[in-house]
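Have a look at the structure below, then the notes.
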2 protein chains.
Amino acid sequence: MRPATNLSNQFRAIALRPSKLMALLTALGLTLIARPLASQTLPLPDHLVTLTSAEGQRLLRDSEALADYVPLTSQFVTQVNQAFCGVASTVMVLNALGVAAPLAPEWERNYFTQENLFNDQTEAIIARDAIARQGLTIAELAGILETYPVSAEIHHGSDVSLDEFRSLIRVNLETPDSYVLINYLRRAIGQESGGHISPIAAYDADTDQFLILDVSRYKYPPVWVQAETLWTSINTVDSVSGKTRGFLLIEAR
Amino acid sequence: MRPATNLSNQFRAIALRPSKLMALLTALGLTLIARPLASQTLPLPDHLVTLTSAEGQRLLRDSEALADYVPLTSQFVTQVNQAFCGVASTVMVLNALGVAAPLAPEWERNYFTQENLFNDQTEAIIARDAIARQGLTIAELAGILETYPVSAEIHHGSDVSLDEFRSLIRVNLETPDSYVLINYLRRAIGQESGGHISPIAAYDADTDQFLILDVSRYKYPPVWVQAETLWTSINTVDSVSGKTRGFLLIEAR
């Protein structure tokens, strides 16, 4: 019935495996001279479930803790540059909380953006230019959030057991008007590759998985990750702070 | 238990009713000399249900046609300027479909943005500068979409009965990998004020309401709208085209 879609899927399947495509082309005696248009996101290991897949959407429907999902996806943004994962995540949470926002001159309305988030108070914590070079540590992330009328409770990976990790975040995700940002090492969950920050939006108890709304939407879709895998990924050292990564529990104050 | 949140809610309630706030201040003998930081969005009439409200989320859970909701919210963007509602809506649909995308230089990845959407083919339909001045008619919107490997079927408001409107859109929303963009007159649904374009993401049969993912997120949240109200709002004339507004049914080809 829909041959065009099937063709499109085949193209995507090829585009997702560049090594196989190159091998095929070499076998055919061809050389690839231009990078083809390609599907947006990088391939995922089998143990990560894409939210938009049938299985990913079933997990969402069955989720026991998804009070944050609709408010966060209503405010979903892509980080504007490769270092602004923490900035984009902060904007999502502040807009989801409905915190009084600065003026966004492009629309003449009050709404948090990855530009108007910055002010003298945030510059005193870390300069915007420094964030653009090295991103944010979890302490800097909490500091920036707390320049606005919210509290951000820091939990380092080295300080929480798996049970504490699962329980603290699950309770937050069951509760409206409080949010979780996580700072994890991508390669510890099977992604490329360094430290990253994004919101967590839901928990599925039957499969013990958390849903990450990855703010680098050009690179990875939202994925379900095993709690233990995600917990391991925050018990890794951020070379900037010398401390382990972790997560923040955020609410209005 | 959470007085800070309650205070914040009170503040929001005040911020949403500027006329009452002004009356209160006047009664107290005070003059407001600076615009306060305010909650993001404009007040809504009672007949529109905000998605993030308890009622709005219940409608989503009970929805009979929401195959497009998760893919679209995973790609939700805000229009970058006041005329780019159609551009932002197009970017959401193309990214949700997984159509092969142009390079986005800010990330060195292939992903649709409100900048790289434009090329010689789209300029031939309507220049980017013209869109920034006057927005898009529904025919121009379809034309831009069809410069990519998708089909966009135009339905003008003057050409569809309420039953046809409801049925065509509902079937689309039940079907994965096909999307709806609607071009409507805001004031006909009780919003401020002119023509607007956004994706529709779900339908609730019990209450006969459609969910609009409004891309001017600085101005209005996603809302549920009565089918008949929305149908009335597309049977209005776009002064640029001289034709009625309407909706597009979009799928990959």
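Below, read A as the first sequence line, B as the second, and so on, with proteins coming before strands; counting in each chain starts at 1.
Counting heavy atoms from C-beta outward, Q75(B) and P221(A) have side chains that stay 4.5 Å or more apart. Within the 4.5 Å cutoff, the side chain of E106(A) has no heavy atoms near those of the T78(B) side chain. Using a 4.5 Å heavy-atom cutoff, the side chains of P71(A) and Q57(B) are in contact.
Proximity to chain A involves both the backbone and the side chain of N95(B), based on heavy atoms less than 4.5 angstrom apart. Using a 4.5 Å cut-off between heavy atoms, S151(B) does not touch chain A at all. Contacts of L60(B) with chain A are made by side-chain atoms alone, with heavy-atom separations under 4.5 Å and no backbone atom involved. There is no contact between L72(B) and chain A, counting heavy-atom distances below 4.5 Å. The contact between P222(A) and chain B is made entirely by side chain atoms (from C-beta outward), counting heavy-atom distances below 4.5 Å.
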Could you check V77(B) against V77(A) for side chain to side chain contact (heavy atoms under 4.5 Å, CB included), going step by step and ending with a plain yes or no? CA-CA 6 Å; V77(B) 295; V77(A) 296; over 6 Å; no
Decide side chain to side chain contact (heavy atoms under 4.5 Å, CB included) for S74(A) and T73(B); before the verdict, give the C-alpha distance in whole Å, the side-chain angles of both, and the deciding distance to 0.1 Å. CA-CA 7 Å; S74(A) 294; T73(B) 52; 5.8 Å; no
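The aromatic rings of W107(A) and Y218(B) lie parallel to each other, their planes meeting at an angle below 30°, with 60° marking the opposite boundary.
For the pair R217(B) (side chain) and F76(A) (backbone), a donor-acceptor distance under 3.5 Å is present. Between the side chain of R109(A) and the backbone N or O of S216(B), no donor-acceptor pair lies under 3.5 Å.
In terms of heavy-atom proximity, E108(B) sits nearest to Q82(A) at N-NE2, 4.5 Å.
Within a 6.0 Å sphere centred on CG of D206(B), heavy atoms belonging to other residues, nucleotides or ligands number more than 12.
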